[in-house]
Amino acid sequence: MGTIRIFLFITGFLFITSFTYAQNGNIKNLPVFSKPPDTSMLNSRITVGAKDTNINHTSDFLTLRQCIDYAMIHQPSLNRSLINVDITRETNGVNLGGWLPQVNASGSLIHYLQTSNGSTATTGTTGGGTGTTSTTGSSRFVNTFVPQLEVSQALFSPTLLYYHKTAALNVDLSKQITDSTKIQLVSAVSKSFYNVLLTLEQINILKEDTARLGKNVRDTYHQYIGGIVDETDYEEATITLNNSKAQLKQANENVTPQFAALKQLMGYPPEQQFNVSFDTLQMMQGIHVDTAQQLQYEKRIEFKALNTQKLLQNELVHYYNYQWVPTVSAFFDYDLAFENNNYAHLLSSSYPTSLIGLSFSVPIFTGFTRIHNVRKAQLQQKLLDWNQVDLKSQIYSEYTTAIANYKSNMYNLQLLQKNVALAKRTYFVVDLQYKQGIVAYLNVITAESNLITSEVNYLNALFQVLSNKIDLQKAMGLITY
């Protein structure tokens, strides 16, 4: 038994000596590195939205809700839409002002170059130009000054009645356009926010991967110098590290314009900076949506706005149909005529005149304008009907596309989540086997590549599901603000 142990010991010693000599012989024919590669800068972990994205460390951290709240106050397109609502209200005030009494003051100063022996007549308009008044006096007065006060009150007018019926509808349409802008803004800000988070999370993964690969390069270098591994292992480790560093650099560069796009949607000042804040657990809990809900076209803001347009068009048809109805108004005129041959004493005597009356206007023939306007308005009604049919098709297409993408990506997310766990376990086992000399370094590279790919794919799927959820809620008319 002792002889066997001595034989095994001598045999093992000779094998190790031969192996070391062979490795040292190979090293003589390879380039010798003066110092190990510098990978000390690869161990720092990224801070979301901080140094690597040119964001100020003292800037604020904003959640998705805060970003949306900020956009609702500062976004230029939304503010223009809100101003349009106020403009619509003021336009209604202008149009409906005709129902209130209209008061006008006018006057004329006349100097007669020649007078007859008969009577002089002072004429003024009344009721908005529908009547005349005359004052008979002596022909000896060559200077006349007639101030006039006119008051008119509309009693019935087809145009004013049309303005009254459409005033509330115009405001409703403006508000619905504003609501549509808000919904579009919520969707755009949410997707842009998720896009920034996706890139930042990819940076975190690539940071960890680069740090891990940097350690592998250092370990492989020392193993190569010690003759434990071949040169190709070190070179493959270096290639993998360089690829990861290139991806990390690209992600760091991409996040800056993504922040700029988010600022633009929010109306955030370009020269100011902010960081993004999010809760991963809350985000995971918020990806679910009830797909069993039935599509209701009436919930879509576009459908509501189209219905309002149809109501406005109906009122326009009625207006043209009844445009032949007379316009009736009441008027009151007060004239005060001053006459004298001497300008200095022109205001010494006056001759007042006052009257009240009714005026009406009936369109008898307008060159068939009313008939053509009625036909035109009816054709526009048909256009709106076809627009509604087309809108329903668009909404249904958006809904089916959104729900299909959501379901498929949700299923993909669940599978990729399992892949990440398997890839981490596989990498751990393969890396341990490589360190024990069981497998080649190519297996480590493959496991590392699979781990990175699975983690990045999982992140892409996660944020794709979040975007699909926004699209689905928008298609079903569930986004409100």
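Starting from 1, each residue takes its place in the sequence as its number.
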Would you tell me whether [X] and [Y] have side-chain atoms, one donor and one acceptor, within less than 3.5 Å of each other?
X    : Y    : result
N468 : N409 : yes
Q184 : K474 : yes
N460 : Q202 : yes
N104 : Q148 : no
S157 : Y162 : no
S244 : T210 : yes
T308 : Q176 : yes
S359 : S329 : yes
Q323 : Y319 : yes

With a 6.0 Å cut-off (strictly less than), is the heavy-atom count around [atom1] of [X], excluding the residue itself, greater than 12?
X    : atom1 : value
Q294 : CD    : no
K424 : NZ    : no
Q394 : CD    : yes
E90  : CD    : no

Salt bridge between [X] and [Y], side-chain N to carboxylate O under 4.0 Å?
X    : Y    : value
R89  : D86  : yes
K310 : D385 : yes
K304 : D172 : no
E253 : K249 : yes

Under 3.5 Å, is there a donor-acceptor pair between the side chain of [X] and the main chain of [Y]?
X    : Y    : answer
N79  : Q75  : yes
T88  : N84  : yes
S192 : A188 : no
H74  : Y70  : yes
N275 : D60  : no

- Item | N170 vs T91 side-chain heavy atoms within contact, under 4.5 Å | no

Between [X] and [Y], which heavy-atom pair has the shortest distance, and what is it?
X    : Y    : value
V289 : Y406 : N-OH, 3.1 Å
F193 : V276 : CE1-CG1, 3.7 Å
Q258 : V196 : O-CG2, 3.7 Å
L347 : F145 : CD2-CD2, 3.9 Å
V186 : S190 : O-OG, 2.7 Å
A423 : S454 : CB-OG, 3.4 Å

- Query: Using 30° and 60° as the class limits, which term best fits the ring planes of Y399 and Y396: parallel, tilted or perpendicular?
  - Reply: tilted

- Once the angle between the rings of F332 and Y334 is folded into 0 to 90°, is it parallel (under 30°), tilted (30 to 60°) or perpendicular (over 60°)? parallel

- Determine, using ring centers only, whether F274 and Y268 are less than 6.0 Å apart. yes

- Task: Tell me, please, which residues at least two apart from E398 pass salt bridge (Lys or Arg N to Asp or Glu O under 4.0 Å).
- Result: R300

Got a list of side-chain donor-acceptor pairs under 3.5 Å for residues 374-382, not counting sequence neighbours?
unit_1	atom_1	unit_2	atom_2	d
Q380	OE1	Q313	NE2	2.9
Q381	NE2	N314	OD1	2.1

